[in-house]
Colleague: 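Have a look at this one.
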Amino acid sequence: MRIKLILIWSFFLLSGSALAQVERLERIEIDYKDEFYVKGLYNFGENGVVLSAVEDIKRSRRDPKRMYVFYDKDLLELESIEVEVPFRHKLMATHEGETEIHTFYYDSRKGDYTVVTIDATKTSRKEFTGTIGKKLAINRFMVMGNTGVLYASTKKTRILYILNFETGEFKQVELKKGKKKNKLFVIDMLCLPGENEVAITVQEYAKKIMLSTKTYFINRDGEVSEPMALDAGRWDIDDATPTRIDDDQVLIAGTYSKMKAAGAAGMFISSYTEGDQDYFNTYDFTEYENFFKYMSNKRQKKVQKKIARRKSKGKEVSLNVKMAIHNIEKSGKLYYMLGEVYYPTYRTETRTTYVNGRPTTTTYTVFDGYQYTHAVLSTFDMDGEKVDDHIFEMWLSYKPYSVKRFIELNVDDESVKMAFVDGDVLKTKVLDQGDLVDDEDIILIGENANDKVRYSGGSVEHFYGNSFVSYGSQRIKNKKDKNVKKKRNIFYMQKIIIE
């Protein structure tokens, strides 16, 4: 391969907790300075991981070549595949399936597309081609077997395509709305476990007023179900994520808010049986026992007193919280719902211009990214009743300019494990029967004693069993150790066990 592997380490670190144990295993470092530079990693559990790299070329009318490097579950390299697509085709969307990577390349002038599928289990590739509309903006793309679901838009309308990769044919799906003037927005689109159906949640608006929230299901044959309407009463729905429990039952959970509010007031969970809504349960954030725990004691008491004072006067109290919701996780007879709370930050900039030789200074307010403060983990029983809630501080040093989900949640019969990366630190938390039994911070660095991390940005994902994989980019300096570069710009992968 033409990606330079510079270091492989095997070592372990045990945490000091008697109830839980964290063990660091293999770490791989890959040099960024090469013909291909690393773009990311796809995680396929016991089938290993696939590293994605892009050809380092200057401006070109063709899309750069891409390389996929296969590793087994012990992070041992197997082989690599290069992908080169037709001229003028640009990579527009990627869908990571359970065992495959699907990339959608598109020529907007002609409407031609190429779907390249990388199979992690067979370390192989295959391609499908076809033609759809011209000059489309590709918004979302999902794959189930030989069926693709594509959500695209033009200047005037939004279009849902169902693609048949075997025949190259497609059909457009028109989602129902009350009036022609009303507008539809897709707020969530995901491929459900098993990859047998794609769930699409759509909201209908009229003059900026939310009229309805509906969820459609599309199967592998391209058939679209009747919509499940979410009856939220007087509330607006901010986020809604469906989870199929069995052939007849579906759960939809997310956040709700007051009409036209700037953020969410609480979490909801709703159940459907054969398309009919069984219940819609709401849980206001002000009623959460630990919601303000991330604040200082002084500020927490001040906020809680203010809420109590307003309630004593008979006034309705609701928060405006911005929250990134995760998919629902199920273990036994409990459902787990995780949300990450954030707020927008701004900075001021001054600019000086000269008119007729005289300076004029203007001050601007500029968006400066989202600050993530804490996460809320709610547990619900089979009837949608909240059992408990837990709050975990985040306060990430990195402020993204788009909404992201940083925490990896893994639920099994024995415990609930969470992990996220902040700079060069991996933070892990373990819950057992509702109690926090382990809370560890682990430095993500190699075994060189004199390595100094000057920059680090990464992610963590559940791998398989009790293992997780952390990956990202780092800039490291080391002026003392021999046989080590003084400066390293690397992409790293590290396997971690959380017991």
Side-chain angles (χ1 to χ4, degrees), residues 61-64 66 83 85-97 100-118 126-192 195-206 210 212-225 227 239-242 402-404:
R61 296 173 70 185
R62 72 173 176 85
D63 204 54
R66 280 170 168 76
V83 173
V85 296
F87 183 61
R88 292 191 184 278
H89 281 57
K90 300 294 182 182
L91 177 62
M92 305 301 293
T94 300
H95 173 226
E96 182 178 351
E100 296 175 324
I101 306 165
H102 308 277
T103 49
F104 186 88
Y105 295 86
Y106 177 59
D107 182 350
S108 62
R109 298 196 316 163
K110 296 182 178 180
D112 297 337
Y113 71 83
T114 299
V115 174
V116 179
T117 296
I118 306 296
K126 54 186 176 182
E127 292 185 9
F128 306 97
T129 59
T131 302
I132 52 175
K134 301 177 182 179
K135 297 181 179 179
L136 297 174
I138 309 301
N139 299 320
R140 308 195 191 198
F141 174 62
M142 302 283 171
V143 176
M144 306 171 287
N146 291 320
T147 300
V149 180
L150 183 72
Y151 176 54
S153 59
T154 65
K155 291 182 179 179
K156 296 182 179 180
T157 186
R158 292 170 175 79
I159 308 167
L160 188 66
Y161 288 99
I162 297 179
L163 312 176
N164 187 317
F165 296 147
E166 289 184 332
T167 64
E169 298 176 350
F170 70 89
K171 66 178 180 180
Q172 295 186 31
V173 176
E174 186 173 348
L175 302 177
K176 299 176 183 178
K177 57 183 180 179
K179 296 181 180 180
K180 288 185 178 181
K181 292 183 179 181
N182 294 351
K183 294 183 178 180
L184 295 178
F185 297 93
V186 172
I187 64 169
D188 189 75
M189 179 172 166
L190 73 157
C191 191
L192 299 182
E195 298 186 345
N196 291 316
E197 56 186 346
V198 169
I200 300 176
T201 302
V202 180
Q203 289 184 332
E204 181 177 355
Y205 282 81
M210 184 187 299
S212 66
T213 301
K214 298 178 181 178
T215 297
Y216 296 81
F217 294 90
I218 302 174
N219 63 22
R220 286 195 174 207
D221 296 326
E223 299 170 340
V224 183
S225 71
D239 291 290
T241 300
S402 60
V403 177
K404 297 181 180 295

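Along the sequence shown, the residues carry numbers beginning at 1. In what follows, every heavy atom counts, from backbone to side chain, and hydrogens, waters and symmetry copies are set aside. Please read these numbers as outputs of a predicted model, since none were measured by experiment.
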Colleague: State whether the side chain of Asn219 and the backbone N or O of Asp221 hold a donor-acceptor pair below 3.5 Å, judged by distance alone.
Modeller: yes
Colleague: If we check side chain to side chain contact (heavy atoms under 4.5 Å, CB included) with Val173, which of these qualifies: Ile159, Val224, Val149?
Modeller: Val224
Colleague: Can Thr103 and Thr94 be said to form a side-chain hydrogen bond (donor to acceptor under 3.5 Å, both in side chains), step by step?
Modeller: CA-CA 4 Å; Thr103 49; Thr94 300; 5.8 Å; no
Colleague: Apply side chain to side chain contact (heavy atoms under 4.5 Å, CB included) to residues Tyr216 and Leu160 and explain how you reach the verdict.
Modeller: CA-CA 12 Å; Tyr216 296 81; Leu160 188 66; over 6 Å; no
Colleague: Do Ile118 and Val83 have side-chain heavy atoms sitting under 4.5 Å apart?
Modeller: yes
Colleague: To the nearest 0.5 Å, tell me how far Phe165 CZ sits from Tyr113 OH.
Modeller: 6.0 Å
Colleague: Would you name the heavy atoms of Ala206 and Asn182 that are closest together and state the gap between them?
Modeller: CB-OD1, 3.3 Å
Colleague: Taking the side chain as every heavy atom from C-beta outward, state whether Phe128 and Asn146 have any atom pair closer than 4.5 Å.
Modeller: yes
Colleague: CD/Glu195 to CZ/Arg220 distance, rounded to the nearest 0.5 angstrom?
Modeller: 6.5 Å
Colleague: Do Val116 and Val85 make a side-chain contact, defined as non-hydrogen atoms from C-beta onward lying under 4.5 Å apart?
Modeller: yes
Colleague: To the nearest 0.5 Å, what is the distance between CE (Met189) and NE2 (His95)?
Modeller: 8.5 Å
Colleague: Which of these, Leu91, Ile132, Leu150, sits in a side chain to side chain contact (heavy atoms under 4.5 Å, CB included) with Tyr106?
Modeller: Ile132
Colleague: Using every non-hydrogen atom in the two residues, find where Gly133 and Tyr161 come nearest and quote the distance to one decimal.
Modeller: N-OH, 3.7 Å
Colleague: Can you confirm whether Lys171 is buried at NZ, in the sense that more than 12 heavy atoms of other residues, nucleotides or ligands lie under 6.0 Å from that atom?
Modeller: yes
Colleague: With rounding to the nearest 0.5 Å, note down the distance linking CD1 in Ile218 to CE in Met144.
Modeller: 6.5 Å
Colleague: With rounding to the nearest 0.5 Å, note down the distance linking CD1 in Ile138 to OH in Tyr151.
Modeller: 11.5 Å
Colleague: Which pair of non-hydrogen atoms, one from Phe141 and one from Ala93, has the smallest distance, and what is that distance?
Modeller: CB-CB, 3.7 Å
Colleague: What pair of heavy atoms forms the shortest contact from Arg140 to Val186, and how long is it?
Modeller: NH2-O, 3.6 Å
Colleague: Are the side chains of Asp188 and Asp239 in contact, using a 4.5 Å heavy-atom criterion?
Modeller: no
Colleague: Under a plain distance cut-off of 3.5 Å, with no hydrogens placed, do Thr129 and Thr114 share a side-chain donor-acceptor pair?
Modeller: no
Colleague: How many angstroms lie between atom CZ of Arg66 and atom CD1 of Ile101, to the nearest 0.5 angstrom?
Modeller: 11.5 Å
Colleague: State, with a plain yes or no, whether a side-chain heavy atom of Thr154 is found less than 4.5 Å away from one of Lys135.
Modeller: no
Colleague: Would you name the heavy atoms of Ala240 and Ile187 that are closest together and state the gap between them?
Modeller: N-CD1, 4.2 Å
Colleague: Taking side chain as C-beta onward, heavy atoms only, is Thr131 less than 4.5 Å from Lys110?
Modeller: no
